Number of protein chains: 2
Amino acid sequence: MIDERKKQVLHAIVKDYVTTAEPVGSRTIAKKYDLGVSSATIRNEMSDLEEMGLIEQPHTSAGRIPSDKGYRFYVDYLMEKEELDADEINNINMFFTKRLSELDELVQETCRMLSHVTKYTALVLVPKRSEGKLEKIQMISVSPHQVLVLIVTDTGFINHRVIDLRQAISPRRLQEINFFLQEKLYGLSLEQVNRTLLGEISIHIARQEQLLDLALELMEQALMDRGDERVFTGGALNMLNQPEFRDVEKVKTLLGMLEEEEIVKKLLHKQLREGTEIFIGGEIPFEGINKCSVITGTYKVNGRVVGSIGILGPTRMTYPKAVSVVETVTDQLSLVLAKMFR
Amino acid sequence: MIDERKKQVLHAIVKDYVTTAEPVGSRTIAKKYDLGVSSATIRNEMSDLEEMGLIEQPHTSAGRIPSDKGYRFYVDYLMEKEELDADEINNINMFFTKRLSELDELVQETCRMLSHVTKYTALVLVPKRSEGKLEKIQMISVSPHQVLVLIVTDTGFINHRVIDLRQAISPRRLQEINFFLQEKLYGLSLEQVNRTLLGEISIHIARQEQLLDLALELMEQALMDRGDERVFTGGALNMLNQPEFRDVEKVKTLLGMLEEEEIVKKLLHKQLREGTEIFIGGEIPFEGINKCSVITGTYKVNGRVVGSIGILGPTRMTYPKAVSVVETVTDQLSLVLAKMFR
DNA sequence: TGTTAGCACTCTACCCTGTTGAGTGCTAAT
DNA sequence: ATTAGCACTCAACAGGGTAGAGTGCTAACA
């Protein structure tokens, strides 16, 4: 059905198209990749490959380009692993020696680095906060009517939020509440805190203190604030160097989508099971992200998958290298995080 | 030299070009804006205006477009104030009723709103931290070897940063240091803290405690972290709707510049003296930001200018409306901030 | 039977050309 | 000083012709 030679031809087409961005013809293949047969033979093979839906013609009398299905076949069966060269490995390792002590920062920088190394767009999903266990919760008086709530989890997440109180609160009383909260909530996941204990605590405090509003606000605002997880993107403009984005309309829709947190999250979120995955062209469930592929990988803390990174490029991207980069970076990231919260 | 009629002609040219984005000819002016003279007369006037450098021809046999100098004249002498319509005012006011209790968030949201209302790109500079006076400094133990430093200023700036310690520190001792720092530093500007007291404190603590490294790290990392002020941009993609950015290369350079914090800062920073200012075309000191104008305005806390906002659009932008928006928003912003830190 | 050379055919990209229409600048008349 | 009229310029567009890349088919070949 799909014999060795067809594979070679498909492989050649993908390789060539990835580097040139031009439809590739039978003659080109015969000359550049010597398969030991003439262009005419290759023409026949290409005709078959087209029938199978693995390649397609932009128009008659143009060469062929791989279809999504073609890339899929390539990625699954043809592609050979490509080790990064010394320079790149060096770059990445150098980066990870830089000590960044806060999660957000680390992630953001990783994003930059990723896009820089790959020349594609990088996406990084920061761990769900609610996955982490509460390490510390503390309220600190800022002004008589304002309290700063500080939350730290064991996955390194730190968040603060100012809450306006309707009535003043004494520092002393604040201390007590702090103590109480810390006792009650330590070691619970934020989700648990949010779901199960919300009622109990607010009642408890309210009974003692008529501070129901404070308690409610605390919970609602501090824990449920802007989304439960965050994403960063880097190098979105790299896409503009790709010939498939020479049209401003396409640029607009693509960049527009990348600005929507929700969409980026879904791009990365699809799987939070361990490992690297590749989504090609139409496999990405968004109209508007056309002719693009995403490679995702996950990183871990304490053996738990806590987030994922992704590389977004044209379907015509250099898969082997991109996969290698994703894998090296996720590994390194996991290592660094392990050290960070040992 | 430049008589009333010339002004009228220039005014007409600017108005027309702003809405159509097409070079405007003498006939168009004669028909649409009845100045009571024929196109031939207008042609003569235009010839004069061109000689004066206020308008220019993209090529012979095209209409004229305003030059930077022409826009400058328009902005300085011709433009009439334009009140916002009820809808827009409503929009803005509605926005400011939303209660956002944290500065960063408020500013970021303002940015979104601004770009949405104007359909241009919005830039917002968040107050210099070092302008604010220290309201609170506190170190909170996160783990035996990690301390979270929290800084709050009277301008509403809140920052935290985790510091890794080389030796463990007891909660009790931390308390003492907190007390000491709070005493010593309260009410000083962060700059002062940074510059003058750095030495004194580190020596003081070190003598008592051999915690020189802690003190140093504290100061260096917590106070000097990533830049002293931050900027947000919003609606950068709006620029893609402007016909002058139909070319991907231009898009790339412009968006590239907007991604550089330093550049955006300078765009806004130029003046932190009170009031609205307009920078047209070449008056913006960046190659690469071509055919663009910026309108900036400042907002205040306690009568002190603490930050500025800007609108970036094509030189061919609707100045009167943009100015009105900037002015309404800075006013409202100052009001909200006043409430926030009364 | 698989492979190849050869050839007719197709289609895009490019260049050249002519035409149209908007707009100017000049001149002479009012 | 203003205007009508006219010659002139130039970008934008459309049509036509050509070159080149590439295909598909057929017939010959090993």
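Letters A, B, ... are given to chains in the order of the sequence lines, protein chains preceding strands, and every chain is numbered from 1. Note that the structure is a prediction, hence the values are computed from the model and not measured. Hydrogens, waters and symmetry mates are skipped; everything else that's a heavy atom, side chains included, is used.
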- Mind calculating the distance between NZ (K32(B)) and P (dA22(C)) to the nearest angstrom? 14 Å

- Report the distance from atom CD1 of I55(B) to atom C1' of dG23(C), rounded to the nearest whole Å. 13 Å

- Item | Shortest side-chain distance from S47(A), nucleotide among dT24(C), dA4(D), dG24(D) | dG24(D)

- Taking atom P of dT3(D) as reference, at what distance in whole Å does atom CD1 of I42(B) sit? 9 Å

- Message: Would you say T41(A) places a side-chain N or O within less than 4.0 Å of OP1 or OP2 belonging to dT3(C)?
- Response: no

- Show the numbers, then the answer: is there a salt bridge (Lys or Arg N to Asp or Glu O under 4.0 Å) between K250(A) and E244(A)? CA-CA 9 Å; K250(A) 287 189 187 142; E244(A) 28 273 275; over 6 Å; no

- Is a donor-acceptor contact shorter than 3.5 angstrom present between the side chain of R64(B) and the base of dG25(C)? no

- Item | Atom-to-atom span, CD of Q57(B) to P of dC10(D) - whole angstrom | 10 Å

- Using a strict cut-off of less than 4.0 Å between a Lys/Arg side-chain nitrogen and an Asp/Glu carboxylate oxygen, indicate whether E88(A) and K321(A) qualify as a salt bridge. yes

- Task: Scan residues 11-22 of chain B against DNA chain D and write down, sorted by residue number, each residue with any heavy atom closer than 4.0 Å; if none is found, say none.
- Result: none

- Query: Would you say the side-chain atoms of T28(B) and Y33(B) include a donor-acceptor pair closer than 3.5 Å?
  - Reply: no

- Any donor-acceptor N/O pair, S324(B) side chain to E82(B) backbone, under 3.5 Å: yes

For nucleotides 12-20 of chain C, print each protein N/O atom paired with a nucleotide N/O atom at under 3.5 Å, atom names and distance only.
none

- Message: Any side-chain to backbone donor/acceptor pair from T315(B) onto I280(B)? Under 3.5 Å, distance only.
- Response: no

- Task: Round to a whole Å and report the spacing from CD of E45(B) to C1' of dT24(C).
- Result: 15 Å

- Item | R64(B)/E50(B) ion pair, N-O < 4.0 Å | yes

- Query: Any N or O donor-acceptor pair linking the side chain of R43(B) to the base of dG25(C) at under 3.5 Å?
  - Reply: yes

- Figure out the NZ/C1' separation between K6(A) and dG2(C), and round it to whole Å. 12 Å

- In whole angstrom, give the distance that lies between atom CG of D48(B) and atom P of dA1(D). 12 Å

- Task: Ignoring hydrogens and angles, tell me if any N or O in the side chain of N238(A) forms a donor-acceptor pair with the backbone of S115(A) under 3.5 Å.
- Result: yes

- Would a distance-only check, ignoring hydrogens and angles, find a side-chain to backbone donor-acceptor pair under 3.5 Å from Y120(A) to H116(A)? no

- Message: Using the side-chain heavy atoms of T28(B), tell me which of these nucleotides is nearest: dG24(D), dG23(C), dT4(C).
- Response: dG23(C)

- Task: For I65(A) and dG22(D), give me the distance from atom CD1 to atom P, rounded to whole Å.
- Result: 14 Å

- Message: Base, sugar-phosphate or nothing for A62(B)? Non-hydrogen atoms, less than 4.0 Å.
- Response: sugar-phosphate

- Task: Sequence neighbours left out, what passes side chain to side chain contact (heavy atoms under 4.5 Å, CB included) with E83(A)? Give chain and number order.
- Result: K81(A)

- Assign each of R5(B) and M46(A) the nucleotide of DNA chain D bearing its closest heavy atom; nearer the 5' end lies the nucleotide of R5(B)

- Message: What's S26(A) touching, base or sugar-phosphate or nothing? Going by heavy atoms closer than 4.0 Å.
- Response: sugar-phosphate

- Is it true that R72(B) and D76(B) make a salt bridge, defined as a side-chain N closer than 4.0 Å to a carboxylate O? yes

